[in-house]
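Contents: one structure, followed by commentary.
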2 protein chains.
Amino acid sequence: MSLKNSKIQLQCIACQSRGDSHFSSLKDEDLEILSEHKSCVTYKKNQTLFYEGTRPMGIFCINSGKVKVFKMGSNGKEQILFIAQKGDFLGYRSLLSEELYGSSATVLEPAAICFIPKSDFLKVLHSNPEFFGKLMKAVCHELGVMETKLAQLSQKSVRERLAATILMLKETYGMEGEGSEVIDIVLSREDLANIVGTATETVIRLLSEFKSDKMIALEGKKIKVLDADKLLHEADFYG
Amino acid sequence: MSLKNSKIQLQCIACQSRGDSHFSSLKDEDLEILSEHKSCVTYKKNQTLFYEGTRPMGIFCINSGKVKVFKMGSNGKEQILFIAQKGDFLGYRSLLSEELYGSSATVLEPAAICFIPKSDFLKVLHSNPEFFGKLMKAVCHELGVMETKLAQLSQKSVRERLAATILMLKETYGMEGEGSEVIDIVLSREDLANIVGTATETVIRLLSEFKSDKMIALEGKKIKVLDADKLLHEADFYG
DNA sequence: CGAAAACCATGACAAATGTCATGTTTTCTA
DNA sequence: TAGAAAACATGACATTTGTCATGGTTTTCG
């Protein structure tokens, strides 16, 4: 089950901006408005940006680091919806639907994150139809991605979903490592289980199996993909 | 797991319009543009409006009847994403993200449905910022709804999800019937299973149990809710 | 550093759910 | 309206997955 989504990215004066951003249509004057009242903060691991059920006051723009966005279930178990990273921004969706946050966001690894107040963001948004249009397009795309995740959660086995998740992580965070791919993100087994939508022990067991079958190697928390084709087969992408 | 979503509704000249539509901001001239090239067709049960993987050419506006929107899994099993009814419109999301349809739509009961070509819809949309804004708000809301469904699919048991689904259906399609609520939608057990995300037999068994426990009554395909509180408890809404 | 906490791993078992088989009932349609 | 097809229902059983228990390992932090 793929967590890869078309990340919404925002160029931000003084932040390291990415040239491939979907939001390159922003003019300098708009960027200046966004920068005017923004605050940039460094977060440590496990700090929380916002909590489900609270009122959004602005948007968060991730300059570096990784953030998990999740919903808490009544059993105390998290369901991770996606992992945001450099260039993504968070919290604009609840802002636009004028609702309380529907999910929480917690830092996975040390992060530098800007906060832009609601009013500045909305001002730019409404004065810039092209920007608005691109944002609309991105939200529509994300809705499609979320529907795909829902269907795969319902239709694929845990084993298939874990294989698919490992492949997705490789796509998103893969680094070359002596002929194979090392996944460059520190995820606890519990977090991985909360992405896949299963119990921690089940993930641990399946990882052991994948390792026995030479599909992956485990070096501490790091996962190394040894045989992507075999994983692809496990993920049932051939039907 | 609630399927209730903030339905996006559109007033349509010559169609029976609903006063409570979110899109009452449309002026007559806009409605005229929308009506100009629209075609209204009557569909029978099991006819399909559009197929996953095909290119959207416009939007569908449901005047009467009910339509299931679903994704097909590699095992041939459908996952129903939501059920659209009178006043809803379909297909605008893929249009806006400029992607192929990510799901299919099939008529559940005889329906009258208008089709408005892409160009007319986009013309109105782009000439009417208020309308655009409302649509954006609705899409953002739907994304939140979809995330909630995803989390509940992952975190709740089949039993809990079925109870929640019955309550949702009662909310959406409930009719007064001799002191209790008859759900006015004809869903096969298979469709119900594909909403809940489980096997048909499991749904049948659980319905029998709910019936034994006096929570529901079954009259052919119709489901009657006898004890909503008890169902609510089954759905674990008390945590 | 060193103790405490968190995390990882594995076994044993229970529970939930899916699958297959079979028979009945309802619905469709020629 | 009769026969066929689809849908419903239920039993038996297999499989998957979750839960609990236990012990080893790593990480954290005073």
Side-chain angles (χ1 to χ4, degrees), chain A residues 1 44-47 68 73-79 106-110 152-163 165 185-212 216-223 234-236, chain B residues 1 44-47 68 73-79 106-110 152-163 165 185-212 216-223 234-236:
Chain A
M1 151 178 161
K44 294 178 213 157
K45 184 174 174 171
N46 290 325
Q47 284 191 298
K68 65 175 173 183
S74 57
N75 50 8
K77 222 151 75 176
E78 300 174 358
Q79 174 63 40
T106 297
V107 171
L108 283 177
E109 53 187 66
Q152 298 203 340
L153 183 57
S154 157
Q155 294 173 337
K156 284 177 177 284
S157 68
V158 173
R159 187 184 183 87
E160 290 168 333
R161 271 143 50 206
L162 179 61
T165 299
I185 182 175
V186 178
L187 278 180
S188 67
R189 300 291 189 257
E190 188 178 358
D191 281 334
L192 195 48
N194 292 339
I195 294 175
V196 172
T198 187
T200 306
E201 292 92 330
T202 302
V203 161
I204 291 172
R205 264 181 261 274
L206 287 173
L207 284 179
S208 295
E209 287 183 32
F210 287 176
K211 182 181 168 187
S212 300
I216 61 173
L218 300 173
E219 298 173 354
K221 276 198 214 304
K222 296 277 182 183
I223 298 173
E234 286 293 336
D236 191 33
Chain B
M1 155 175 159
K44 296 178 210 156
K45 183 176 174 169
N46 290 325
Q47 284 191 299
K68 66 174 172 182
S74 56
N75 50 8
K77 222 151 76 177
E78 300 174 358
Q79 175 62 40
T106 298
V107 170
L108 283 177
E109 56 186 64
Q152 298 203 339
L153 183 58
S154 157
Q155 295 172 336
K156 284 177 176 287
S157 69
V158 173
R159 188 185 183 86
E160 289 168 333
R161 271 143 50 204
L162 179 60
T165 298
I185 181 174
V186 177
L187 277 180
S188 67
R189 301 292 189 254
E190 188 178 357
D191 281 334
L192 194 49
N194 291 339
I195 294 175
V196 172
T198 187
T200 307
E201 293 93 328
T202 302
V203 161
I204 291 173
R205 265 181 260 275
L206 287 172
L207 284 179
S208 295
E209 286 183 33
F210 287 175
K211 182 181 168 186
S212 300
I216 62 174
L218 300 173
E219 299 173 354
K221 276 198 213 303
K222 296 275 182 183
I223 298 173
E234 285 292 339
D236 191 33

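Since we're looking at a predicted model, the values are computed, not measured.
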Within this structure, what is the CG-CG distance for the pair B:Leu108 and B:Leu187, rounded to the nearest 0.5 Å?
6.0 Å
Non-hydrogen side-chain atoms of B:Lys77 and B:Asn194 separated by less than 4.5 Å
yes
Measure the distance from CG on B:Leu218 to P on D:dA7 and round it to the nearest whole Å.
18 Å
Minimum-distance pair of heavy atoms, taken over all atoms of B:Arg161 and B:Gly197
NH2-O, 2.9 Å
Do the side chains of B:Lys156 and B:Asp236 get nearer than 4.5 Å, heavy atoms only?
yes
Is it true that the side chains of A:Thr106 and A:Asn46 contain a donor and an acceptor less than 3.5 Å apart?
no
Least distance between heavy atoms, B:Gln155 atom then B:Glu160 atom
O-OE1, 4.5 Å
A:Leu218 and A:Ile223 have their tightest heavy-atom pair at CD2-CG1, 3.9 Å
Round to a whole Å and report the spacing from CG of A:Leu192 to P of C:dA9.
11 Å
Gap between atoms CZ and C1', on A:Arg189 and C:dT10 respectively (whole Å)
14 Å
What are the atom names and distances for every N/O pair under 3.5 Å that joins the protein to nucleotides 22-30 of chain D?
none

Return the polar atom pairs (N/O with N/O) between nucleotides 12-19 of chain C and the protein under 3.5 Å, or none.
| unit_1 | atom_1 | unit_2 | atom_2 | d |
| --- | --- | --- | --- | --- |
| C:dT17 | OP1 | B:Val158 | N | 2.9 |
| C:dG18 | OP1 | B:Thr198 | OG1 | 3.3 |
| C:dG18 | OP2 | B:Thr198 | OG1 | 2.4 |
| C:dG18 | OP2 | B:Ala199 | N | 3.3 |
| C:dG18 | OP2 | B:Thr202 | OG1 | 2.9 |
| C:dT19 | O4 | B:Arg205 | NH2 | 2.9 |

How long is the line joining CG of A:Leu187 and C1' of C:dC8, in whole Å?
15 Å
To the nearest 10 degrees, how far apart in direction are the end axes of the helix from C:dC1-D:dG30 to C:dA30-D:dT1, each fit to five base pairs?
60°
Could you state the NZ-P distance from B:Lys211 to D:dA9, rounded to the nearest angstrom?
7 Å
Can you see which heavy atom on A:Lys68 is nearest to which on A:Asp191, and at what distance?
NZ-OD1, 2.9 Å
Classify the nucleic acid contact of B:Ser208 as base, sugar-phosphate or nothing, counting any heavy atom under 4.0 Å across all strands shown.
sugar-phosphate
Nearest whole angstrom, please: distance from the P of D:dC20 to the CG of A:Asn75.
12 Å
For A:Glu190 and A:Thr200, test the side chains for any donor-to-acceptor distance below 3.5 angstrom and give the result as yes or no.
no
Could you check how far CD1 of A:Ile216 sits from P of C:dC8, rounded to whole Å?
13 Å
In whole angstrom, give the distance that lies between atom NZ of B:Lys44 and atom C1' of C:dT29.
13 Å
Electrostatic pair A:Arg189-A:Glu201, nearest N-O below 4.0 angstrom:
no
Is it true that atom NZ of B:Lys211 has more than 12 heavy atoms of other residues, nucleotides or ligands lying nearer than 6.0 Å?
no
